[in-house]
Amino acid sequence: MSDSYQRFRDSLEPGYSEQEIRENWQRIEDRQGPVKVRRNMLSLAALGTCAVAAAVLFFGSTKSSSTDSSIANLTAVDQSISMEAGATLSAHEATNIALSDGSALSLAPNAKLNVIGNEGSRFVTQLQRGNVHFNVKPRGPRTWEIETGIATVEVVGTESKTKACW
Amino acid sequence: MSAAPALAPIVALAPTGPSDAELVERVSNGDKWAQEAMYRRYVRLIASVARRMLQPTDVDDVVQETFIIAFEKVGQLVQPSALKGWLLQIAMSRVHRKFRFRRITKLFTGDDGRACLAEQVSAGASPEVIAELALFDRVLGKLPRSVREPWLLRNMVGCSLEEVAAACDCSLATIKRRISDAQGQIDAMLGEGL
């Protein structure tokens, strides 16, 4: 590729920041399947104000029950360690990380773990490299998903050692 | 940490992350993780395309609609390995939709919805680069969309010729000719001092 324009590309802002990526994914999840819902809503509107009011009440109650905002995001006890989505945990030597819900991670030397999602009731990680020992508190408030290449492990409350072979 | 005995290690065999073909298969089977992985793999590219074409207010819409449509229609993708070009094609169709809408609203707002490159520079850009991008903005505004878009995709987004061809739904030869036409017109206009 002729790259007399590389310096211009380098000077332009990238497509999205990590925060924009997360926000847009959330909106995509909210919007998925909405076209049919919107069409149905338009049909319902024709039925009259009462039907619309009922639908609003229905959707309002569904939403409030389906999103449990009372569950705080998972954090590390050591506040200097970020567990936010997009964070990467890597260790040159064996490292233990205690978490706010009583769970713990134990990273083997050279292990690398990416946090993909941390949304209160769901914690998603991708084990990119090495071995990590997960000690998940049983009957905790969230499900854990650990992606290791072609396999996804869902953990409710147990202890497991996971190795990545990407 | 508890000293309880560890379970047997879980070993995954993939040497790298899932291929595009694997992601397509998993998304078509309704796998939410694969949807997110596909999104994260290509969102920067799609956002970059939208940003170089459209004003900032339209970018999020194009990105979200591109992936929503992709997730819905992924089963129609004949060649799963061509995912990247297919996503670009969807993104460009959404960009064109925005332009059609802006053509109507232009009557009232006087704004055609086209991106301004000089307003997208990052913090450390030199004044010379900003001035040159402003010149490109003026020149690009005079080019027809059929040649402007391939030129932008190639030179300001950094797509390969094959990706530009897929995005614009044209043959490789057509795309090469359009980019060359655009470059010729840009060089001529810049040579004439606009």
Side-chain angles (χ1 to χ4, degrees), chain A residues 1-18 20-35 86 96-98 103-106 116-117 124 126-128 131 133-135 145-153 158-166, chain B residues 1-2 4-18 22 26 31-33 35-37 39-40 43-52 59-60 63-68 71-72 117 119-126 129-130 132-133 136 154-161 183:
Chain A
M1 177 168 180
S2 80
D3 249 338
S4 49
Y5 291 101
Q6 182 68 50
R7 67 194 176 99
F8 292 110
R9 287 199 297 276
D10 291 343
S11 301
L12 291 169
E13 285 176 340
Y16 264 168
S17 65
E18 184 58 35
E20 287 171 312
I21 289 174
R22 283 202 301 272
E23 288 171 357
N24 276 280
W25 175 248
Q26 190 58 54
R27 289 190 202 118
I28 287 171
E29 284 197 310
D30 293 344
R31 287 177 64 176
Q32 266 188 300
V35 177
N96 293 324
I97 300 173
S103 302
L105 304 177
S106 184
I116 293 177
V124 189
Q126 177 203 46
L127 182 53
Q128 189 173 330
N131 289 276
H133 188 111
F134 294 86
N135 185 356
E145 293 174 32
I146 305 157
E147 178 67 32
T148 60
I150 57 171
T152 302
V153 183
T158 183
E159 191 165 337
S160 69
K161 187 178 178 185
T162 307
K163 179 182 179 184
C165 289
W166 288 88
Chain B
M1 169 170 296
S2 161
L7 301 179
I10 299 162
V11 178
L13 299 175
T16 59
E22 283 170 326
R26 287 175 62 169
D31 183 332
K32 286 293 289 181
W33 181 88
Q35 285 187 356
E36 190 168 349
Y39 167 80
R40 284 187 169 271
V43 66
R44 285 190 170 86
L45 172 68
I46 300 301
S48 180
V49 168
R51 278 217 164 147
R52 304 301 173 251
V59 171
D60 285 356
V63 170
Q64 290 166 28
E65 287 169 10
T66 297
F67 284 98
I68 289 169
F71 297 155
E72 282 177 3
L117 296 173
E119 290 175 0
Q120 299 180 30
V121 288
S122 47
S126 68
V129 165
I130 298 172
E132 285 179 273
L133 285 170
F136 281 129
R154 175 72 171 151
N155 295 312
M156 293 295 149
V157 180
C159 293
S160 68
L161 285 169
Q183 193 61 59

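In what follows, chains carry the letters A, B, and so on, assigned in the order in which the sequence lines appear, proteins first and then strands, with residues in each chain numbered from 1. Any value given below was found using the heavy atoms of this structure, including those in side chains, with hydrogens, waters and symmetry copies removed.
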- Message: Checking the side chain of B:Gln35 only, and the main-chain atoms of B:Phe71 only, is there a donor and an acceptor separated by less than 3.5 Å?
- Response: no
- Task: Please state whether the side chain, the backbone, both or neither of A:Glu23 comes within less than 4.5 Å of a heavy atom of chain B.
- Result: neither
- Note on the structure: Counting heavy-atom pairs under 4.5 angstrom with chain A, the leader among B:Val121, B:Ile130, B:Asp60, B:Val129 is B:Asp60
- Residue part contacting chain A, namely of B:Val49, when any heavy atom lies under 4.5 Å: neither
- Query: Is chain A contacted by the side chain of B:Arg44, its backbone, both, or neither, given a heavy-atom distance below 4.5 Å?
  - Reply: both
- Beyond-backbone contact of A:Asn24 with B:Val43, side-chain heavy atoms, under 4.5 angstrom: no
- Message: Restricting to ring-ring contact (aromatic ring centres under 6.0 Å, His included), what partner residues turn up for A:Tyr16, sequence neighbours left out?
- Response: none
- Item | Top contributor to chain A interface from B:Met156, B:Arg40, B:Gln64 [non-hydrogen pairs under 4.5 Å] | B:Gln64
- Results of ring-ring contact (aromatic ring centres under 6.0 Å, His included) for B:Phe67 - residues two or more places apart only: B:Tyr39
- Query: Is any side-chain heavy atom of B:Arg52 less than 4.5 Å from a side-chain heavy atom of A:Leu12?
  - Reply: yes
- Message: I'd like to verify something: which residue of B:Ser48, B:Gly124, B:Ser122 has the highest number of heavy-atom pairs under 4.5 Å with chain A?
- Response: B:Ser122
